[in-house]
Amino acid sequence: MNEEEFREGLRSEMARTTPPPPLSTGAALGAARRTCFRRRALWASLGSAAVVLAVTGFAAVATPDGRVYQPAGQGPLGSPDTKEPWPTGPDGQPQEDRTARAGSKYEQGTHLLSEAVSVIPSGYTTPEDPPNQSAEERTLRTHQAQFEDKVDGVDVWSYSSSVAVAQGKGTGRVIVEVHDAGNQLPTEPCDLAQTFWGMRGECQVETAGTTRVGVVIRPTDDDRLDQWSAYRHPDGVVVFVAQTVRLDESRPALTKLPFSVPQLAALAVDERFHLR
């Protein structure tokens with residue numbers, strides 16, 4: 001959008017918020033980075049670009065209809081600013097922001113992407129981005145490691161991976177997101193599932209082996225995803241697995257989702273996604 005449209009969007013968003021939410025620079029920037037990852041993965045399917053508001057250190061992310069999307073866990077507004085320095089990076093210095101770009105946390109993100117590619121069913125392909133594209137330009141295979149919070153003195157991270165899935169002329173997407181033990185997400189299966197990306201939907205509890213998994217089989221009013229599952233391991237690690245038949249508006253959609261509901265539930269408890 002041009003500068004005038006940006007200003008008008010900012011004024012409209014601020015006018016709709018009464019009273020204005022307290023500014024939280026660290027949490028807001030963290031949420032914006034998470035949403036940047038998700039925007040690369042899915043927001044092309046909305047048919048227009050997301051609006052990013054960034055004014056003197058404050059950032060929030062909204063779609064053209066005014067809805068602000070939040071990741072699982074703390075949202076971009078109303079959270080207290082962290083007084084702790086950013087986690088230490090691989091060079092021994094504090095990171096510049098919440099996203100790891102090297103080191104063990106970054107490697108966890110790349111590992112999660114590799115595991116996500118490995119579970120795609122036979123009959124589907126997983127196209128790759130051109131090798132000359134930067135990480136910011138990639139949309140077919142993406143990953144991210146994100147510092148979420150410090151709980152009882154322990155850093156809590158989340159890891160996201162997104163894989164384009166193709167069959168015939170159609171292309172969809174499979175997404176895996178993992179949250180470290182110590183996260184503050186709900187325990188009950190469907191309550192947990194309803195926190196994913198701030199989305200709501202028709203949820204049912206599936207049994208995978210001896211475990212109970214929350215699976216949203218149909219979103220209420222949000223078409224970013226078609227189905228997703230959620231599971232909290234006994235040690236507190238949380239896994240979300242999501243799928244959608246459409247990658248973006250420029251490509252035909254898949255004729256069917258890659259996984260059945262029981263398969264989606266089983267993936268949430270799969271040890272390959274149980275990052276420690």
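Along the sequence shown, residues are numbered consecutively beginning with 1. From a predicted model like this one, the values you see are computed outputs, not experimental measurements. Computed from heavy atoms alone, side chains included, the values below leave out hydrogens, waters and symmetry copies.
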(request) Could you tell me whether the side chain of Ser118 reaches within less than 4.5 Å of the side chain of Arg272, counting heavy atoms only? (result) yes

(request) Indicate yes or no for a side-chain donor-acceptor contact from Gln184 to the backbone of Gly182 under 3.5 Å, with no hydrogens or angles considered. (result) yes

(request) Return the minimal non-hydrogen interatomic distance between Pro258 and Pro121, and the atom names on each side. (result) O-CG, 3.6 Å

(request) Nearest 0.5 Å please: distance from the OG1 atom of Thr110 over to the CD atom of Gln144. (result) 13.0 Å

(request) Keeping the roles fixed (side chain from Trp228, backbone from Ala193), state whether a donor-acceptor pair exists under 3.5 Å. (result) yes

(message) For the backbone of Asp191 and the side chain of Gln194, can you confirm whether one donor and one acceptor N or O come within less than 3.5 Å of each other?
(response) no

(request) Taking the side chain as every heavy atom from C-beta outward, state whether Leu112 and Val178 have any atom pair closer than 4.5 Å. (result) yes

(request) Consider only side-chain N and O atoms of Ser160 and Glu177, and report whether a donor and an acceptor are under 3.5 Å apart. (result) yes

(request) Assess whether atom CG of Asp152 is packed by more than 12 heavy atoms of other residues, nucleotides or ligands within 6.0 Å. (result) no

(message) Pair Lys105, Phe147 - check side chain to side chain contact (heavy atoms under 4.5 Å, CB included), show working.
(response) CA-CA 9 Å; Lys105 300 300 184 182; Phe147 171 68; over 6 Å; no

(request) Look only at the side chain of Ser229 and the backbone of Leu264, and say whether a donor-acceptor pair between them is shorter than 3.5 Å. (result) yes

(request) Describe, in one word, how the ring planes of His274 and His233 are oriented to each other, choosing from parallel (under 30°), tilted (30 to 60°) and perpendicular (over 60°). (result) parallel

(message) Can you give me the closest heavy-atom contact between Phe196 and Ala242, atom names plus distance?
(response) CE2-CB, 3.8 Å

(message) Using side chain to side chain contact (heavy atoms under 4.5 Å, CB included), reason through Gln243 and Ile175 one step at a time and then give a plain yes or no.
(response) CA-CA 6 Å; Gln243 59 181 351; Ile175 295 166; over 6 Å; no

(request) Please lay out, stage by stage, how Val237 and Leu275 fare under the test side chain to side chain contact (heavy atoms under 4.5 Å, CB included). (result) CA-CA 7 Å; Val237 172; Leu275 303 182; 5.5 Å; no

(request) Side-chain contact test, heavy atoms from C-beta onward, threshold under 4.5 Å: evaluate it for Ile217 versus Glu202 and give yes or no. (result) yes

(request) Answer yes or no: is there a side-chain heavy-atom contact under 4.5 Å between Val174 and Thr244? (result) no

(message) Return the CZ to OG distance between Arg141 and Ser162, rounded to the nearest 0.5 Å.
(response) 11.0 Å

(request) To the nearest 0.5 Å, tell me how far Arg218 CZ sits from Cys203 SG. (result) 12.0 Å

(message) Within the structure provided, determine whether Leu192 and Phe240 are in side-chain contact (heavy-atom separation under 4.5 Å).
(response) yes

(message) Within the 4.5 Å heavy-atom criterion, are Val269 and Val213 side-chain neighbours or not?
(response) yes

(message) Please find the pair of heavy atoms, one from Leu140 and one from Pro127, that lie closest to each other, and give the distance.
(response) CB-O, 3.6 Å

(message) How close do Val216 and Gly201 get, counting heavy atoms only, and between which atoms?
(response) CG1-CA, 3.7 Å

(message) I need the single residue from Asp222, Asp221, Asp226 that forms a salt bridge (Lys or Arg N to Asp or Glu O under 4.0 Å) with Arg224. Which is it?
(response) Asp222

(message) Please report the interatomic distance CD(Gln227) to OG(Ser260), rounded to the nearest 0.5 Å.
(response) 8.5 Å

(message) Does any part of the side chain of Thr139, heavy atoms only, come nearer than 4.5 Å to the side chain of Asp129, both counted from C-beta?
(response) yes

(message) Ring centres under 6.0 Å, that's the criterion: do Tyr159 and His179 meet it?
(response) no

(message) Could you check whether any side-chain N or O of Arg246 sits under 3.5 Å from a backbone N or O of Arg251, counting only pairs where one atom can act as donor and the other as acceptor?
(response) yes

(request) Measure the OG1-CD1 distance between Thr126 and Ile120 for me, rounded to the nearest 0.5 Å. (result) 7.0 Å

(message) What I want to find out is whether Glu188 reaches Arg232 closely enough, with some N-O distance under 4.0 Å, to be called a salt bridge.
(response) no

(request) Give the cluster check for Val156 versus Val238: same hydrophobic cluster or not, with ILVMFWY residues linked at side-chain heavy-atom distances below 4.5 Å. (result) no

(message) With heavy-atom distances below 4.5 Å as the criterion, would you say the side chains of Glu206 and Val261 are in contact?
(response) yes

(message) What's the separation between atom OG1 in Thr220 and atom CE in Met199, rounded to the nearest 0.5 Å?
(response) 8.5 Å

(message) Distance alone, cut at 3.5 Å: any donor-acceptor contact between the side chains of Glu107 and Ser104?
(response) no

(request) Would you confirm whether Asp149, through its side chain, and Asn183, through its main-chain N or O, come within 3.5 Å as a donor-acceptor pair? (result) no

(message) Using side chain to side chain contact (heavy atoms under 4.5 Å, CB included), reason through His143 and Tyr106 one step at a time and then give a plain yes or no.
(response) CA-CA 9 Å; His143 65 86; Tyr106 176 86; 3.6 Å; yes

(message) Applying side-chain hydrogen bond (donor to acceptor under 3.5 Å, both in side chains) to Ser158 and Glu148, what does each step give before you reach the verdict?
(response) CA-CA 7 Å; Ser158 68; Glu148 295 287 343; 2.6 Å; yes

